[in-house]
Structures are given as structure tokens and as C-alpha cells.
Amino acid sequence: MNTIKEFFVDIFEYHHHFNQKLADLLIENVSQLSDRTIPLFSHSINAHQIWNSRIINSKPLGVHQVHTLEKCKILDKANFEETLKILSEQDLQKNINYQNSKGEKFEKSMQHILFHIANHFSHHRGQIISDLRQNGIEPIVTDYIFYKR
């Protein structure tokens with residue numbers, strides 16, 4: 001990889017790949033999921049969309065809006081495509097002014113925001129995988145290094 005943009009493209013391709021596979025696994029095992037799994041997966045997808053909307057100035061989803069798993073797959077694809085567009089068109093050093101869900105104002109670089117989105121996915125995906133194991137569902141392996149192999 002030659003640039004930070006190429007790094008972020010790779011990271012978001014990785015997250016999109018496993019979000020789609022995880023959604024399929026959740027759909028296959030929907031009757032065995034804990035009560036928090038679908039809201040947690042929805043939240044992860046929503047957060048990505050919300051951060052994209054802060055960057056491009058569009059209408060955000062609700063932070064805790066719950067979607068069907070099929071809708072999560074569609075939203076994840078749209079989020080991924082929007083993030084690729086952001087990466088191709090915008091300067092990662094550009095600062096974004098935004099308000100959080102509590103109305104507090106902040107300013108961060110696009111690079112920091114994109115890293116936050118990626119890290120947020122990893123955090124919640126780990127929680128979802130833990131939920132799956134606790135409910136007797138064999139999770140997929142989502143480690144980045146396995147993805148790169």
C-alpha cells in the first residue's frame with residue numbers, strides 16, 4: 001500500500017466483506033440469536049452511515065434504529081460505497097465539524113473519523129461473535145490476517 005487512502009480502502013473492504021458474511025450467518029441462525037444481536041449489528045451499520053452523513057452533509061439514521069438483517073446488508077453496501085466515494089474525492093486531513101447525538105460540537109479530521117468507524121466495527125463485531133458463541137452458534141473467523149490470506 002502506498003498511501004493512507006489505499007490503507008483505508010483496504011480496511012473498509014475488509015469490514016464490508018465480513019459485515020456481509022456476518023449478516024448471512026445471522027440470517028441463517030436468526031431464531032437462535034440473543035435479543036441484543038440484531039440491535040447491535042444495526043447500531044454498527046447505523047454508526048457508519050451517521051459518520052458518512054456528517055462528512056457529506058446528508059440525513060443520518062438513528063443511532064439505535066433497528067433494521068432487519070436483510071436491510072443491514074443493503075445499508076452496509078451503501079455505506080461501503082459512500083465511504084469509497086469519500087476516499088476518492090476528499091482530503092483526509094480536512095476537518096469535519098459535527099455534533100454528536102447529545103448535541104455536543106466537535107471538530108476532527110476525516111482520517112480520525114474513518115479510523116474511528118473501522119475501530120467501532122471491530123469492537124461491536126467482537127461483541128456479536130461473543131453473543132453467537134454464547135448461543136451455540138459457531139461464528140465465522142473475522143480476523144484481518146485471515147482475510148488477507
Quick one: does [X]'s side chain have a donor or acceptor within less than 3.5 Å of a partner on [Y]'s backbone?
| X | Y | answer |
| --- | --- | --- |
| Asn46 | Ser42 | yes |
| Asp91 | Gln93 | yes |
| Ser44 | Leu40 | yes |

With [X] via ring-ring contact (aromatic ring centres under 6.0 Å, His included) - residues at least two apart:
| X | answer |
| --- | --- |
| His17 | Tyr147 |
| His64 | His43 |
| Phe12 | His48 |

Distance-only check: which donor-acceptor pairs under 3.5 Å involve side-chain atoms of residues 24-33, not counting sequence neighbours?
{"from": "Asp24", "atom 1": "OD1", "to": "Lys73", "atom 2": "NZ", "distance (Å)": "2.6"}
{"from": "Asn29", "atom 1": "ND2", "to": "Leu25", "atom 2": "O", "distance (Å)": "2.9"}

Q) Can Glu81 and Lys77 be counted as an ion pair, charged N to O under 4.0 angstrom? A) yes
Within-4.5 Å side-chain heavy-atom neighbours: [X] and [Y]:
| X | Y | result |
| --- | --- | --- |
| Arg36 | Gln127 | yes |
| Ile96 | Glu107 | no |
| Phe41 | His67 | no |
| Phe106 | Asn97 | no |
| Tyr144 | Asp10 | yes |
| Glu104 | Gln99 | no |
| Lys108 | Tyr98 | yes |
| Gln49 | Pro60 | yes |

Hydrophobic cluster identity match, [X] and [Y], side-chain contacts under 4.5 Å:
| X | Y | value |
| --- | --- | --- |
| Ile140 | Ile11 | yes |
| Phe121 | Val141 | no |
| Ile50 | Phe8 | no |

**Q.** His120 ring center near His116 ring center (under 6.0 Å)
**A.**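 Yes, close enough.
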Calculate, to the nearest 0.5 Å, the distance between atoms [atom1] and [atom2] belonging to [X] and [Y] respectively.
| X | Y | atom1 | atom2 | value |
| --- | --- | --- | --- | --- |
| Ser34 | Ile137 | OG | CD1 | 8.5 Å |
| Asp131 | Ile38 | CG | CD1 | 11.0 Å |
| Leu84 | Glu89 | CG | CD | 11.0 Å |
| Asn79 | Ile74 | CG | CD1 | 12.0 Å |
| Leu92 | Lys94 | CG | NZ | 11.0 Å |
| His124 | Ile45 | NE2 | CD1 | 11.0 Å |

Q: Would you please name every residue forming a side chain to side chain donor-acceptor pair (under 3.5 Å) with Arg125, sequence neighbours left out?
A: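 Applying side chain to side chain donor-acceptor pair (under 3.5 Å) to Arg125 gives His15, Asn19.
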(Q) One pair to check against side chain to side chain contact (heavy atoms under 4.5 Å, CB included): Thr83 and Val9. What are the steps and the verdict? (A) CA-CA 8 Å; Thr83 301; Val9 167; over 6 Å; no
**Q.** Contact summary for Phe18 and Asp143, nearest pair of heavy atoms
**A.** CE1-O, 4.3 Å
Q | Distance-minimising heavy-atom pair for Thr142 and Tyr14 | A |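 That closest heavy-atom pairing would be O-OH, 2.6 Å.
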**Q.** Sequence neighbours excluded - ring-ring contact (aromatic ring centres under 6.0 Å, His included) pairs with any residue from residues 72-96
**A.** His16-Phe80
(Q) Atom CG of residue position Asp35 - does it have more than 12 heavy atoms of other residues, nucleotides or ligands inside 6.0 Å? (A)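 No, the 6.0 Å shell around CG holds no more than 12 heavy atoms from other groups.
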